[in-house]
Every structure is written in C-alpha cells, then in structure tokens.
Protein chains: 2
Amino acid sequence: MKDLLTQFDFQSNLLFENLSESENQAVQNVMEPLTIKKGTMLFFEGGIPTGIFQIKQGKAKKFKRSFSGDEQIFYIYTQEDVLGYHALLGQERYQDSCEALEDLKVNFIAKDDFLKLLKEIPALQQTLIKNIGHEFGVLANIIAVLAQKNQNARLALFLLLLEYRFNRNSQTVKGIDLTRDDLANLIGTSQESLGRSLKQFKELGCIETDKRNIYIKDPKQLEQLLQTKI
Amino acid sequence: MKDLLTQFDFQSNLLFENLSESENQAVQNVMEPLTIKKGTMLFFEGGIPTGIFQIKQGKAKKFKRSFSGDEQIFYIYTQEDVLGYHALLGQERYQDSCEALEDLKVNFIAKDDFLKLLKEIPALQQTLIKNIGHEFGVLANIIAVLAQKNQNARLALFLLLLEYRFNRNSQTVKGIDLTRDDLANLIGTSQESLGRSLKQFKELGCIETDKRNIYIKDPKQLEQLLQTKI
DNA sequence: TTAAATATATAACATTTGTTATATATTTGT
DNA sequence: ACAAATATATAACAAATGTTATATATTTAA
C-alpha cells in the first residue's frame with residue numbers, strides 16, 4: 001500500500017536529506033523564515049521565480065487554471081515539502097500557481113542563493129533533477145487515475161494519500177482538513193457529487209466526518225474501493 | 001488556437017534547434033540511424049536507460065500502466081520528436097513505456113554519447129531542463145482537461161491537437177491515424193463510448209472517417225465543442 | 001454577539017458514460 | 001486468395017455523474 005502511495009507522492013520533503021553536516025549548514029544559512037497568511041499566493045502562473053520555499057507548518061495547494069478558467073488542483077504541499085524549484089532550474093516562468101490554504105510558516109531561499117547552493121553542492125543538483133523525474137512520473141500516474149477510475153475510486157485513493165501525507169509526522173489523529181471545494185477540485189468532480197460519495201463512504205463505515213474534517217476509519221475498505229475498475 | 005495547442009505539446013521537436021553549426025555536427029556525429037518494427041518497445045517502465053531517440057518517421061506512444069493494469073497513453077510522439085531523456089538526465093530508471101505504433105525510422109544516441117554532448121554543449125543542457133519544465137506544465141494541463149472536461153470536449157481537443165502535431169510538416173492531408181483503442185486510451189474513455197462521440201461528430205459534420213482515419217472538416221466547430229463546461 | 005457571508009448536505013431530475021451484445025469491416029498470416 | 005483474427009460500428013440498457021434547488025451549519029466581520 002505504502003508503495004502505491006509513493007507513486008502519488010512528490011517526495012519533495014526529501015530534497016535536503018542526505019546532505020553532509022557542512023552542506024546542511026550552508027543550506028540553513030541562506031534560509032529565511034517567513035510567515036504567510038492564508039489565501040496568499042506563494043507564486044502564480046506566468047510570474048518570475050523569486051526563490052524556493054520549504055513549508056514548516058501548514059498546507060498549500062498547487063493548481064492550474066484550465067483554458068475555461070476552472071481551477072485544477074494537482075498537488076497539496078504540507079510540512080517539510082520543498083516547492084518552487086522547477087521554474088528556477090529551467091530559468092523560466094512559473095508553470096502553475098500556489099496558494100496558502102492556512103497560515104504558513106516557511107523557510108524561503110532566494111533564487112541566487114539557491115542557484116549558488118546548487119553549484120556548491122553537486123549532489124543537491126543531482127537530487128533535484130532526479131526528483132523532477134520522479135514528479136513527472138507522479139503526474140503521469142495522476143493522469144491515469146483521473147482518466148480511468150470512477151469517482152469513488154478516485155476519492156478513496158486521494159483520501160488514503162492525503163491521510164498518509166498530512167499525518168505521517170504526527171502522533172495525534174488529525175484527519176483530512178480541506179474544504180469540500182478543494183477536495184472536489186483535486187479529484188476532478190463537483191462539490192455536490194463529492195458530497196454524495198462521502199455520504200456513501202460514511203454509510204459504509206470507511207470514514208467519519210466532523211465539521212469539514214474527514215477521518216479514515218477503515219483503510220482496508222478504502223483500498224478495496226480504489227481497486228474498482230472504472 | 002495555436003497558442004492553446006502548444007500548452008498540450010511537449011515541443012520536444014525543438015531540442016536540437018538553435019545549435020551552432022559545429023554543435024549540430026557533434027550531435028549528428030553520434031546519431032545512429034535505426035529502424036524499429038511496429039509493436040516494439042523503445043523502452044519500458046523500470047528499465048535502465050540506454051540512450052535517447054529522435055523519430056524521423058512514424059509514431060510512438062508513451063504510456064503507463066495504472067495499478068489496476070490498464071494502459072494510459074499520455075503522449076504520442078511523431079516526426080522530429082526527441083524522447084527518452086528524462087530518465088537519462090536523472091540517472092534513474094524509466095518512469096514510463098514507449099511503443100512503436102508503426103515501423104519507425106529513428107536516430108539513436110547512446111547514453112554516454114548524450115551525456116558527453118550535454119557537458120560539451122551547456123546550451124543543450126539548459127534547453128533540456130527548460131523543456132522538462134515545459135513538459136511538466138503540459139502534464140498539468142492534461143490533468144485539468146481529464147478532470148474537468150466531458151468526453152466530447154476531450155475528444156475535440158485531442159483531435160485538434162493530434163491533427164496539429166501529426167501533420168504540421170506535411171503538405172498532403174493525412175488525417176489522424178490511430179486505432180480506436182489507442183485514441184480511447186488517450187482521451188480516457190472506452191472504445192464503445194468513443195465510437196458514440198465520433199458518430200455524433202460525424203453527424204455534426206466536424207469530421208469524416210475513412211477506415212480508421214479521422215479527417216477534420218470543421219475545426220471551428222470542434223473549438224466550440226471543447227469550450228463545453230463539463 | 002449577532003447578522004451576513006460562506007460552506008456543507010441532500011434530494012430530484014437530466015445527462016453522460018459504462019457495459020453488454022451483436023453485426024460488419026478490415027487486416028494478417030498462410 | 002482465403003480463412004482466421006482483429007478492429008470497428010452500433011444499439012439497448014444500466015450505472016455514474018452533472019445540475020438545479022433548497023435547507024442547514026459554520027465561519028467571518030462588524
């Protein structure tokens with residue numbers, strides 16, 4: 001199961017792992033702690049890259065608007081994730097937008113500092129390029145799921161994935177805390193239709209909800225649901 | 001319109017453009033012409049990279065199998081496109097598979113030769129990384145379309161896109177020549193359901209078919225169809 | 001704290017898509 | 001050129017999803 005979930009996980013929380021003590025110190029030295037208010041854009045499609053972010057607390061959504069203007073979320077970043085490096089590496093503009101879903105605490109590394117780090121730490125550049133390759137595979141997997149799976153299977157997968165990603169560093173049970181709108185935009189359905197699926201899941205006993213929080217009660221059953229062939 | 005279509009085009013036919021004469025010669029020198037039979041895998045998910053390919057004639061599909069085993073095509077390469085460089089850059093295994101849809105003529109560049117070229121031609125490395133960023137955006141756009149658009153809109157978009165990509169170097173009208181199965185796996189539906197949409201499009205007069213070939217008769221009308229909000 | 005704004009839940013109905021089945025056309029291998 | 005295999009077309013029905021509408025809960029801002 002965990003193996004399946006990593007196919008949908010950018011693993012961008014691991015970028016600064018496996019550095020030597022001195023390399024790590026060099027990274028820490030150029031990190032600037034920032035707080036960012038809920039609803040603020042960290043960056044937006046077409047904008048010029050300023051640097052990269054590591055989230056220390058809170059969540060942010062990465063999305064694109066389709067040509068008809070609808071928002072499509074394709075990733076939700078959380079604690080320890082690093083983001084914003086694609087455009088920087090390629091010296092181009094942002095391909096997508098990123099917005100804080102909650103008040104955030106982040107560490108920011110300015111563009112020039114980061115490019116200098118990449119020169120000084122070849123292993124970091126290598127890790128980054130590897131990771132971009134991995135992320136490419138993640139997007140391809142998401143395409144497969146959206147194209148082939150029905151709504152309940154997609155919901156089951158994303159619930160398992162979000163639970164895994166949001167709460168892996170946490171002891172306490174926190175559940176999945178997203179607006180219905182964001183969750184619908186992530187799995188590719190309407191809010192009303194999502195509500196119907198959630199109701200079914202509740203009746204089956206896989207999940208419980210409290211306010212907008214979703215708690216997974218029976219992961220095994222969700223795994224069954226995501227096997228559904230279309 | 002063309003602007004919209006480039007959002008769904010990897011533009012991997014442009015990788016060796018903008019090289020100096022001597023750089024171009026260096027590239028040509030390490031290219032090995034090969035013919036590849038229809039149905040052959042150029043590479044497959046999990047395999048170790050051997051080199052990169054530039055297609056000189058024919059088409060190839062890039063796909064992934066979802067965890068339930070279904071094939072999801074996410075790109076179709078055609079004349080002049082270069083492919084296979086992701087895994088090579090990141091020194092990792094292939095994230096996806098690629099199969100010849102017709103007998104192919106390709107130029108192959110072996111892994112070591114290509115890595116040497118990248119060192120010798122910094123502009124090429126830069127172009128490559130930039131392009132990977134662009135491809136990332138393309139996948140995100142595909143995700144948005146698959147998640148938000150209904151089948152007719154998806155079909156309209158992909159027909160316009162395939163026509164644009166397959167026939168931009170050609171004077172003669174060649175149409176879109178894919179099996180119904182491949183086209184269905186590209187737009188994320190079943191073959192039968194695709195057939196129904198094609199029939200509707202024929203009745204509307206947007207397209208005509210001859211054998212499996214699809215000819216676009218009224219691109220404007222297809223553009224209307226793809227505006228459909230879900 | 002309260003009123004207004006926003007978010008969520010749910011139902012009924014319309015539309016789209018999946019599924020199964022069968023017939024016909026086309027391609028492939030001998 | 002022929003038979004067998006494969007691909008395509010189509011219809012009828014079932015299931016899933018979109019859409020509209022309304023009610024209730026929760027959050028936000030004065």
Side-chain angles (χ1 to χ4, degrees), chain A residues 37-39 61 66 68 70-72 101-103 145-156 158 175-204 207-215 225-230, chain B residues 37-39 61 66 68 70-72 101-103 145-156 158 175-204 207-215 225-230:
Chain A
K37 280 275 167 207
K38 175 176 173 176
K61 64 178 171 185
S66 71
S68 50
D70 302 301
E71 172 179 309
Q72 177 61 39
L101 293 175
E102 310 160 7
D103 289 353
V145 166
L146 292 174
Q148 295 176 358
K149 297 291 173 179
N150 67 13
Q151 183 171 298
N152 281 356
R154 296 201 302 273
L155 177 58
F158 276 99
I176 296 161
D177 177 33
L178 288 176
T179 68
R180 293 288 178 267
D181 226 13
D182 283 338
L183 189 52
N185 285 338
L186 188 62
I187 73 168
T189 190
S190 65
Q191 207 187 117
E192 298 85 343
S193 199
L194 168 64
R196 177 164 41 204
S197 290
L198 286 173
K199 197 185 173 199
Q200 287 170 23
F201 283 19
K202 275 188 269 188
E203 285 165 0
L204 285 169
I207 63 168
E208 284 175 10
T209 61
D210 175 37
K211 311 275 167 67
R212 74 183 196 184
N213 259 275
I214 300 170
Y215 299 91
L225 279 163
L226 73 82
Q227 301 300 341
T228 322
K229 285 241 182 189
I230 298 206
Chain B
K37 280 276 166 206
K38 176 177 173 175
K61 64 178 170 184
S66 70
S68 49
D70 302 302
E71 173 179 307
Q72 177 61 39
L101 292 175
E102 310 161 6
D103 289 353
V145 166
L146 292 175
Q148 295 177 358
K149 298 290 175 181
N150 68 12
Q151 184 172 298
N152 282 356
R154 296 200 304 271
L155 178 58
F158 276 100
I176 296 162
D177 176 33
L178 288 177
T179 68
R180 293 288 178 268
D181 226 13
D182 283 338
L183 189 52
N185 285 337
L186 189 62
I187 72 168
T189 190
S190 65
Q191 207 185 118
E192 298 86 342
S193 199
L194 168 64
R196 177 165 43 204
S197 290
L198 286 173
K199 197 187 173 197
Q200 288 171 23
F201 283 19
K202 276 188 269 189
E203 285 165 0
L204 286 169
I207 63 168
E208 285 176 8
T209 61
D210 175 36
K211 311 275 168 64
R212 74 181 197 184
N213 258 276
I214 300 170
Y215 300 92
L225 280 162
L226 73 81
Q227 302 300 340
T228 322
K229 284 242 182 187
I230 298 201

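Throughout, a chain's letter reflects where its sequence line sits, starting with A, and its residues are numbered from 1. Model, not experiment: these values are computed from the prediction.
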Nearest whole angstrom, please: distance from the [atom2] of [N] to the [atom1] of [X].
X: Lys211(A); N: dT6(C); atom1: NZ; atom2: P; value: 20 Å
X: Arg154(A); N: dG18(D); atom1: CZ; atom2: P; value: 7 Å
X: Leu198(B); N: dT8(D); atom1: CG; atom2: P; value: 10 Å
X: Gln191(A); N: dT6(C); atom1: CD; atom2: P; value: 14 Å
X: Leu183(A); N: dT8(C); atom1: CG; atom2: C1'; value: 13 Å
X: Leu146(B); N: dT17(C); atom1: CG; atom2: P; value: 13 Å
X: Gln151(A); N: dT17(C); atom1: CD; atom2: C1'; value: 13 Å
X: Asp103(A); N: dT28(D); atom1: CG; atom2: P; value: 11 Å

Rounded to the nearest 0.5 Å, how far does CZ of Arg196(B) lie from CG of Leu155(B)?
->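 Leu155(B) atom CG to Arg196(B) atom CZ measures 12.5 Å (nearest 0.5 Å).
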
Between CZ of Arg154(A) and CD of Gln148(A), what distance do you get to the nearest 0.5 Å?
->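 Spacing of CZ (Arg154(A)) from CD (Gln148(A)) equals 11.5 Å.
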
First encountered from the 5' end of DNA chain D, between Ser190(A) and Leu178(B) =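 Nearest nucleotide further toward 5': that of Leu178(B).
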
Closest nucleotide of DNA chain D for Lys199(B) versus for Arg196(A): which of these residues is on the 5' side?
-> Lys199(B)

Tell me which nucleotide among [options] gets nearest to the side chain of [X].
X: Asn150(B); options: dT16(C), dT8(D), dT17(D); answer: dT16(C)
X: Thr209(A); options: dT17(C), dA9(C), dT8(C); answer: dA9(C)
X: Thr189(B); options: dA9(D), dG18(C), dG18(D); answer: dG18(C)
X: Lys38(B); options: dT28(C), dA9(C), dT20(D); answer: dT28(C)

Donor-acceptor under 3.5 Å (Glu208(B) side chain, Lys202(B) main chain) = no

Lys/Arg N to Asp/Glu carboxylate O, Asp103(A) vs Lys37(A), below 4.0 Å |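 Salt bridge: yes.
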
Glu71(A) side chain near Asp182(A) side chain, heavy-atom distance below 4.5 Å = yes

Contact under 4.0 Å: Ser193(A) side-chain N or O vs dG18(D) OP1/OP2 =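 Yes, because at least one side-chain N or O of Ser193(A) sits under 4.0 Å from OP1 or OP2 of dG18(D).
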
